[in-house]
Every structure is written in structure tokens, then in C-alpha cells.
Amino acid sequence: MNASANALFVEHVSKSYPLDGLDRLVLKDINFSVGHNEILGIVGASGCGKSTLLRLIVGLDREYRGSITRSNAGDPGKRVGMVFQDHRLYPWLTVEANVGLALDTSPLSARHKHEKIGHYLHLVGLSDFAKAYPRQLSGGMVQRAAIARALAQEPDILLMDEPFGALDSILRMRLQDELLAIWERNQVSIVIVTHDVEEALYLGDRVIVMEPNPGRIRDIVTVDLPRPRDRASLDIADLKKRCLSMLM
Ligand SMILES: Nc1ncnc2c1ncn2[C@@H]1O[C@H](COP(=O)(O)OP(=O)(O)OP(=O)(O)O)[C@@H](O)[C@H]1O
Ligand SMILES: [Mg+2]
């Protein structure tokens, strides 16, 4: 993959947090790039810095060493979208208003915004719940609403922090396939953090395996398998064994 085919570069990124008056290194010399339209999985033990890394990429925290650059940074039409680990829907807003937050600063007319919100709600199968409040939705529906909000920004890079965590396995598989369908229809690079190695291998073109204390990259595994993939294939099982042996 040549450099111009990359959407995002993370170079020599290190990050510390203060703990008991000392600086504790949380991320150590992280290096990777994300290709245009690539899906990159990130797996690693709890606390190895996965959410921290996404927060740095999306720009929520600018205190780090190293550099994070996007090839499209100069183009205001190109954005980074994020689905947070805790979803962050506003309980006092309806589903459509939550999704509409993504378009708050958009110059579009009210009618166009409304159409766009409808489009993304449809995409995640929530058209009938536009007027519902988050408390009226199931856990999986809340997660889909959060995904719709991130997509409505029409990002060219979508960061997802355990978007399907805490879902039963059937719903999880369905949402994974919905995500792949959305990815195929839209030009978007996806970075997805998950604690589920199988999920990372099913979705990802490559999978970063991290290790903790301090959080660093152990290996980057290429998943060179055609899509649609067979979750039960021997190839996936082999890659899973390899990733798990690094994680254990
Ligand atoms: N705001 C903060 N201040 C101080 N330390 C923090 C802060 N946020 C995270 N940390 C520490 O940084 C480390 C990495 O946290 P992070 O949330 O990035 O891990 P993670 O890999 O996403 O874990 P999980 O899989 O459990 O979500 C943890 O040890 C955590 O205690
Ligand atoms: Mg996390």
C-alpha cells in the first residue's frame, strides 16, 4: 500500500497520565496507518490504552507525543466520526434529535437535515423509532442510534470503540454484517476497537494486537481473506489462535 493510499497516520505516539504525582506511560511509541476504505481492528487487554488512542485520534485530547495526521485534514468536508464505548446518547432528546446533533453545524437546510437523519436511521433499521427516547430502546437499538449519529456526520474515518459490546452474539453478528453493508456503500475507513478477536478478524483487513503496561503494539496481523467471510473457516480459526497466543 503506498503512502497516498492512507487516510490516517499515527507516528511515534506516546501518552502519559498523571498518577499519584508521577507520570504513568499509557501508550508507548504507537505506529500505524489506516488505508482509505480499510477496516482496521484493534484488540488488547482491558486498560492497554485502546480508548485513549481513539480519543487522541479524534482530537479530544491533544496532550501526547508524536504525530497523528490525516491525509484529508485540510478538507472541511472530511471528518472523523466516533462511536463511543458508552454511546453518549442524550436521554432527554429523541433518537432523531440525537442523530441530528451530528448535523448541528452543517449549512444544510432544515429539510435536507431531516432527510439525511431519516436516511441514516433507515440504514441502521430505526426508522420507526425516530420519535422514541433512548430509554424506550433496547441496548442494541441504542448502539445502532449511536452508529447512525456517527455516520450522519459522513466521516471519511469512523472510529468505533466496542460498538457491539454487551450485546448477545446473534445481534452482534447482525450488526457486524450491517456495518459491512454500510462500509461497502460508503467510502469510509473504519477503526474498530473490540475485545472480541473473532469480531476483529471477521471485520478487519488488518488487526492490531496490543499489549498492556505500557500499552503498545505487539503485532499487526493481516487478514487476507475474501469477503463475505466465513466466521467458521479454518483460516479465521488459525488467525484467532495466533492473536490469542499473543494476548494471553
Ligand atoms: N483521564 C484519565 N486520567 C488518568 N488515567 C486515565 C484516564 N483515562 C484512562 N486512564 C488510564 O489509562 C489506561 C488506559 O485506559 P483506556 O480506557 O484507554 O483502556 P482501554 O484499552 O480502552 O480499556 P477497556 O478495554 O477496559 O476499555 C488505564 O490504565 C486507565 O486507568
Ligand atoms: Mg476502552
Side-chain angles (χ1 to χ4, degrees), residues 6-34 40-74 79-93 98 101-102 104-105 134 139 142-143 146-147 149-150 153 155 157-167 189-197 199-200 204 206-221 242-248:
N6 283 327
L8 175 74
F9 299 89
V10 175
E11 292 166 291
H12 301 297
V13 165
S14 296
K15 164 81 186 166
S16 307
Y17 281 121
L19 185 76
D20 292 336
L22 293 172
D23 266 355
R24 197 169 53 97
L25 192 59
V26 170
L27 290 172
K28 184 182 176 191
D29 197 29
I30 305 292
N31 289 288
F32 65 90
S33 56
V34 186
L40 181 73
I42 301 182
V43 296
S46 179
C48 74
K50 306 180 296 295
S51 297
T52 302
L53 181 58
L54 293 196
R55 286 167 49 81
L56 300 184
I57 295 173
V58 79
L60 282 171
D61 185 345
R62 301 195 186 271
E63 298 207 344
Y64 59 89
R65 292 183 299 284
S67 82
I68 298 174
T69 46
R70 284 192 293 133
S71 59
N72 283 326
R79 279 173 282 266
V80 183
M82 176 117 167
V83 180
F84 290 93
Q85 196 164 6
D86 56 5
H87 319 311
R88 302 196 186 176
L89 291 191
Y90 292 104
W92 59 87
L93 294 179
N98 267 290
L101 286 176
D104 247 8
T105 58
V142 169
Q143 289 188 305
I147 292 167
R149 184 176 59 188
Q153 289 178 277
I157 301 175
L158 179 60
L159 309 177
M160 309 181 90
D161 197 351
E162 305 220 7
F164 311 133
L167 293 183
S189 310
I190 298 176
V191 179
I192 179 167
V193 165
T194 171
H195 56 246
D196 181 346
V197 172
E199 175 170 274
R206 290 181 302 152
V207 174
I208 291 183
V209 181
M210 292 183 67
E211 55 188 353
N213 304 316
R216 56 205 189 277
I217 294 179
R218 169 78 189 263
D219 198 3
I220 302 182
V221 174
R242 192 171 139 203
C243 290
L244 286 178
S245 73
M246 288 190 271
L247 289 168
M248 304 277 201

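None of the values given here were measured: they were computed from a predicted structure.
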Fill in the blank from the handout: Closest non-hydrogen contact found for Arg65 with Ser16 is NH2-OG, 4.0 Å
Problem - Close side-chain approach of Arg149 and Leu89, heavy atoms under 4.5 Å - result: yes
Exercise for the section: Please test Ile57 against Leu8 for side chain to side chain contact (heavy atoms under 4.5 Å, CB included), starting from the C-alpha separation and ending with a verdict. Expected result: CA-CA 9 Å; Ile57 295 173; Leu8 175 74; 3.9 Å; yes
Practice task
Examine distances only and state if a side-chain atom of Lys28 and a backbone atom of Asn213 form a donor-acceptor pair shorter than 3.5 Å.
Solution key: no
Exercise for the section: Could you tell me whether the side chain of Arg24 and the main chain of Leu19 form a donor-acceptor pair under 3.5 Å? Expected result: no
Handout entry: Nearest-0.5 Å distance, OG of residue Ser245 to CZ of residue Arg218
Key = 7.0 Å
Practice task
To the nearest 0.5 Å, tell me how far Asp219 CG sits from Met246 CE.
Solution key: 4.5 Å
Handout entry: Sequence-distant partners of Tyr17, ring pair (Phe, Tyr, Trp, His ring centres under 6.0 Å), two or more places apart
Key = none
Practice task
Could you list the residues that satisfy salt bridge (Lys or Arg N to Asp or Glu O under 4.0 Å) with Asp61, not counting sequence neighbours?
Solution key: Lys15
Practice task
Rounded to the nearest 0.5 Å, what's the gap from CG on Leu101 to CD on Gln153? Could you check?
Solution key: 10.0 Å
Completion exercise
Exactly one candidate in Ile192, Val221, Leu247 meets side-chain contact (heavy atoms from CB on, under 4.5 Å) with Val43; the answer is Leu247
Practice task
Find the distance between CG (Leu56) and CD1 (Ile30) and round it off to the nearest 0.5 Å.
Solution key: 9.5 Å
Exercise for the section: Locate the shortest heavy-atom distance separating Val26 from Gly49; write the atom from each residue and the value. Expected result: CG1-CA, 4.2 Å
Problem - Side-chain (Asp161) to main-chain (Val193) donor-acceptor, under 3.5 angstrom - result: no
Handout entry: Test item: Ser14 side-chain N/O and Asp29 main-chain N/O as donor-acceptor pair under 3.5 Å
Key = yes
Handout entry: Heavy-atom side-chain contact between Leu27 and Tyr64 under 4.5 Å
Key = no
Handout entry: Under 3.5 Å: donor-acceptor pair, side chain of Asn98, backbone of Leu93
Key = yes
Practice task
For residues Pro212 and Met210, determine if any side-chain heavy atom of one lies less than 4.5 Å from a side-chain heavy atom of the other.
Solution key: no
Exercise for the section: Given side chain to side chain contact (heavy atoms under 4.5 Å, CB included), test Leu54 with Gln85 step by step and report yes or no. Expected result: CA-CA 10 Å; Leu54 293 196; Gln85 196 164 6; over 6 Å; no
Exercise for the section: With sequence neighbours excluded, tell me which residues meet salt bridge (Lys or Arg N to Asp or Glu O under 4.0 Å) with Glu11. Expected result: none
Exercise for the section: With rounding to the nearest 0.5 Å, note down the distance linking CG in Leu159 to OG in Ser189. Expected result: 10.0 Å
Exercise for the section: Using the side chain to side chain contact (heavy atoms under 4.5 Å, CB included) rule, take Glu162 and His195 through it: C-alpha gap first, then chi angles, then the decisive distance, then the call. Expected result: CA-CA 7 Å; Glu162 305 220 7; His195 56 246; 2.7 Å; yes
Problem - Worked check of side chain to side chain contact (heavy atoms under 4.5 Å, CB included) between Ile147 and Phe164 - result: CA-CA 10 Å; Ile147 292 167; Phe164 311 133; 3.6 Å; yes
Handout entry: Contact summary for Met82 and Leu158, nearest pair of heavy atoms
Key = N-CD1, 4.4 Å
Problem - Nearest atoms (heavy-atom pairs only) where Ala7 meets Ile157 - result: O-CD1, 3.8 Å
Handout entry: Gap separating the CD1 atom of Ile217 from the CZ atom of Phe32, nearest 0.5 angstrom
Key = 6.0 Å
Exercise for the section: Indicate yes or no for a side-chain donor-acceptor contact from Gln143 to the backbone of Val83 under 3.5 Å, with no hydrogens or angles considered. Expected result: no
